[in-house]
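A quick write-up on the structure given underneath.
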Amino acid sequence: MLMKPVTIVTGATGAIGKAIARQMAENGYEVIMICRNAQKAEAARKEIIQTTKNQNVFVEIADLSRLSGIKSLAARMQAPVFSLINNAAATPMSREETADGI
Ligand SMILES: NC(=O)c1ccc[n+]([C@@H]2O[C@H](COP(=O)([O-])OP(=O)(O)OC[C@H]3O[C@@H](n4cnc5c(N)ncnc54)[C@H](OP(=O)(O)O)[C@@H]3O)[C@@H](O)[C@H]2O)c1
């Protein structure tokens, strides 16, 4: 298969993020799943590869609530990126602060 450029999906273990990652893989894109939980990420990656037959699905681990996690991830991203889908988010039921005090 002729691969399309790289697409990055954050929160790709979640309901919407995993569906987007699967759809992009189905359409032949190389997909980089940005996830914070390695175990969940690997399970989702395997499931997407199995259902789409696209082997070009990869995981990068990053906690996006931490500036250090974002900076470390950005430094690791070398490939030209075709699309970045900023899907990851959390909706806490009460006020919370991140480790950076945000
Ligand atoms: N579902 C809806 O009805 C709805 C409506 C309006 C807007 N949205 C928005 O759509 C997006 C996806 O919603 P969803 O329903 O698919 O949510 P979800 O199932 O809760 O998935 C959220 C994803 O974001 C990841 N995530 C959360 N905090 C993170 C962090 N600090 N670093 C890295 N990853 C992090 C989660 O990782 P873990 O798996 O490790 O938890 C998970 O993969 C969110 O932005 C949400 O606000 C959803």
Side-chain angles (χ1 to χ4, degrees):
M1 182 185 346
L2 183 65
M3 295 308 298
K4 291 182 186 174
V6 173
T7 192
I8 292 177
V9 185
T10 69
T13 53
I16 296 171
K18 190 160 76 172
I20 294 170
R22 183 186 296 112
Q23 190 64 58
M24 297 305 271
E26 183 81 45
N27 289 338
Y29 286 82
E30 178 174 327
V31 177
I32 301 177
M33 305 166 61
I34 308 296
C35 307
R36 61 179 170 179
N37 179 313
Q39 215 173 346
K40 280 172 81 174
E42 190 51 27
R45 188 181 83 88
K46 281 187 179 153
E47 183 190 316
I48 291 171
I49 289 175
Q50 201 168 28
T51 54
T52 64
K53 311 297 178 209
N54 182 343
Q55 300 293 323
N56 294 293
V57 180
F58 305 99
V59 166
E60 285 289 340
I61 300 298
D63 181 349
L64 300 175
S65 72
R66 292 168 178 262
L67 288 176
S68 60
I70 294 168
K71 285 179 179 169
S72 155
L73 175 68
R76 297 197 308 271
M77 295 288 97
Q78 300 292 328
V81 174
F82 173 72
S83 63
L84 167 62
I85 300 167
N86 282 312
N87 161 78
T91 313
M93 300 311 285
S94 57
R95 187 179 185 283
E96 288 181 17
E97 279 189 17
T98 69
D100 300 312
I102 296 171

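Just follow the structure's listing: the first ligand is 1, and inside any ligand the first atom is 1.
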Hey, is atom 33 (C) of ligand 1 under 4.0 Å from any protein heavy atom?
yes
The reported gap from CG in L64 to OG1 in T98 (rounded to nearest 0.5 angstrom) is 12.0 Å
Heteroatom distance test (I34, ligand 1): nitrogen or oxygen, under 3.5 angstrom
no
Heavy-atom protein contact below 4.0 Å for atom 48 (C) of ligand 1:
yes
Identify the residue among R22, E47, M33, K46 that makes a side chain to side chain contact (heavy atoms under 4.5 Å, CB included) with V57.
M33
Of the choices D63, I16, T13, which has the non-hydrogen atom that lies closest to atom 42 (C) of ligand 1?
T13
Please check if a non-hydrogen protein atom sits closer than 4.0 Å to atom 13 (O) of ligand 1.
yes
4.0 Å protein heavy-atom contact status of atom 6 (C) of ligand 1, strictly under:
no
Would you mind finding which of L64, N87, N37, T91 brings a heavy atom closest to atom 44 (C) of ligand 1?
N87
Measuring from I32:CD1 to I8:CD1, what's the distance to the nearest 0.5 Å?
5.0 Å
The closest protein heavy-atom partner of atom 21 (O) of ligand 1 is G14 CA, 3.3 Å
Counting non-hydrogen protein atoms only, what is the nearest one to atom 40 (O) of ligand 1? Give residue, atom name and distance.
R36 NE, 3.0 Å
So which bit of R66 gets within less than 4.0 Å of ligand 1, heavy atoms only: side chain, backbone, both or neither?
neither
Between CD1 of I34 and CD1 of I61, what distance do you get to the nearest 0.5 Å?
8.5 Å
Could you walk me through whether E26 and N54 pass side chain to side chain contact (heavy atoms under 4.5 Å, CB included), step by step?
CA-CA 7 Å; E26 183 81 45; N54 182 343; over 6 Å; no
Which atoms of ligand 1 sit under 4.0 Å from any heavy atom of A62?
32 (N), 33 (C)
Do side-chain atoms of N87 reach the backbone of G11 as a donor and acceptor pair under 3.5 angstrom?
yes
Would you indicate whether E97, at its atom CD, is surrounded by more than 12 heavy atoms from other residues, nucleotides or ligands within a distance under 6.0 Å?
yes
From R45 CZ over to K18 NZ, what is the distance, rounded to the nearest 0.5 angstrom?
13.5 Å
Between atom OG1 of T7 and atom CG of L84, what is the distance when rounded to the nearest 0.5 Å?
7.5 Å
Among protein heavy atoms, which lies nearest atom 17 (O) of ligand 1, and at what distance?
A15 N, 4.7 Å
Can you confirm whether some protein heavy atom lies under 4.0 Å from atom 25 (C) of ligand 1, or whether none does?
yes
Considering only protein heavy atoms, which is closest to atom 46 (C) of ligand 1, and at what distance to one decimal place?
A89 CB, 4.3 Å
